[in-house]
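What follows is a set of notes on a single structure, which appears directly below.
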Amino acid sequence: MDIIQLHDKKFKLYISENEIQEMIKSIAKKLENDYASFVNPLFLVVLNGSFMFASDLMKYFKLPCEISFVRFASYSGTQTTGNVKELIGLCEDVSNRTVIILEDIVDTGHTLEKIIKTLKQHNNKDYRIASVFFKPNSYQLSHPIHYIGKEIPNDFIVGYGLDYNGLGRNLSSVYVLHSPNS
Ligand code: IMP
Ligand code: MG
């Protein structure tokens with residue numbers, strides 16, 4: 001099905017399940033190469049959106065590793081609010097750990113800024129960021145995103161963990177907001 005409806009909006013197929021899986025495999029390969037000599041990196045998963053990415057990535061990543069979760073909220077509907085709230089904080093000792101932050105999407109970067117600040121407060125000096133999607137035209141930080149699945153324009157997408165007001169996270173392909181004139 002190429003057009004789907006979530007709440008009041010229609011979305012059309014944008015990235016197939018197969019293409020997404022190839023993107024995730026490629027991120028896992030790069031991480032395996034870059035982290036081959038590191039002991040037990042900690043994947044820090046940004047809930048809720050990154051749960052599917054984390055699950056797939058960890059199946060493709062064959063080195064010993066650990067996983068932990070944080071949760072922040074900034075989005076309401078299809079707009080970022082710019083005000084990032086911490087809902088689940090960091091529970092692990094990350095002071096001497098190699099951390100790989102897993103994000104579903106980096107948009108303005110406000111959420112990322114909050115996570116980086118949290119890691120610094122917990123005395124972590126060694127972190128990198130992996131994100132399935134990146135919106136370079138919306139990004140407001142200068143901090144590099146080390147591993148990116150795909151750069152996309154400033155469109156609103158759902159699926160593969162990403163939601164529109166709670167719906168769409170369980171879709172294994174990604175869909176983009178459909179404007180009737182396009
Ligand atoms: P940022 O703080 O503006 O970078 O936004 C980060 C969060 O906003 C992501 O982790 C998502 O939860 C959400 N978000 C950003 N863009 C989209 C989108 O296109 N669809 C669904 N959620 C999005
Ligand atoms: Mg998110």
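This chain uses plain numbering: 1 for the first residue, then up along the sequence. Note that ligands are numbered from 1 as they come in the structure, with each ligand's atoms numbered from 1 the same way.
With no hydrogens or angles considered, no side-chain donor-acceptor pair links Asn18 and Ser16 at under 3.5 Å. A donor and an acceptor atom, one from each side chain of Asp56 and Tyr160, are located under 3.5 Å apart.
Heavy atoms of Leu112 come nearer than 4.0 angstrom to ligand 1 in no pair at all. At least one heavy atom of Gly109 sits closer than 4.0 Å to an atom of ligand 1. Not a single heavy atom of Val158 sits less than 4.0 Å from an atom of ligand 1.
Counting the atoms of ligand 1 from 1 in the order shown, those under 4.0 Å from a heavy atom of Asp155 are 19 (O). The ligand atoms of ligand 1 that sit less than 4.0 angstrom from a heavy atom of Asp163 are 21 (C). The atoms of ligand 1 that sit less than 4.0 Å from any heavy atom of Glu103 are 10 (O). Near Lys135, meaning under 4.0 Å from any of its heavy atoms, are these atoms of ligand 1: 16 (N), 17 (C), 18 (C), 19 (O). The Asp104 neighbourhood of ligand 1 comprises atoms 9 (C), 10 (O), 11 (C), 12 (O), with distances under 4.0 Å to a heavy atom of that residue.
Considering both main-chain and side-chain atoms, Leu162 never comes within under 3.5 Å of ligand 1 through any nitrogen or oxygen pair.
A 6.0 Å sphere centred on CG of Asn96 holds no more than 12 heavy atoms belonging to other residues, nucleotides or ligands.
The closest heavy-atom contact to atom 5 (O) of ligand 1, among the options Val176, Asp107, Val46, comes from Asp107. Nearest residue to atom 11 (C) of ligand 1 from Leu141, Ile152, Asn48, Ile105 is Ile105 (criterion: closest heavy atom). Nearest-residue assignment for atom 6 (C) of ligand 1 (options Ile157, Val106, Thr111; heavy-atom criterion): Thr111. Distances from atom 1 (P) of ligand 1 to the heavy atoms of Leu47, Asn154, Thr108, Ile115 show the closest one on Thr108.
Between Phe11 and Tyr164, the two ring planes are tilted [angle within 30° to 60°]. The aromatic rings of His146 and His143 sit perpendicular, their planes meeting at an angle over 60°, well past the 30° parallel limit.
The backbone N or O of Asn165 sits less than 3.5 Å from a side-chain atom of His7, completing a donor-acceptor pair. Put simply, the side chain of Ser50 gets close to the backbone of Leu102: a donor and an acceptor are under 3.5 Å apart.
Looking at heavy atoms from C-beta onward, Leu177 lies out of side-chain contact with Asp155 at the 4.5 angstrom threshold. At least one side-chain heavy atom of Met23 sits under 4.5 Å from a side-chain heavy atom of Phe133.
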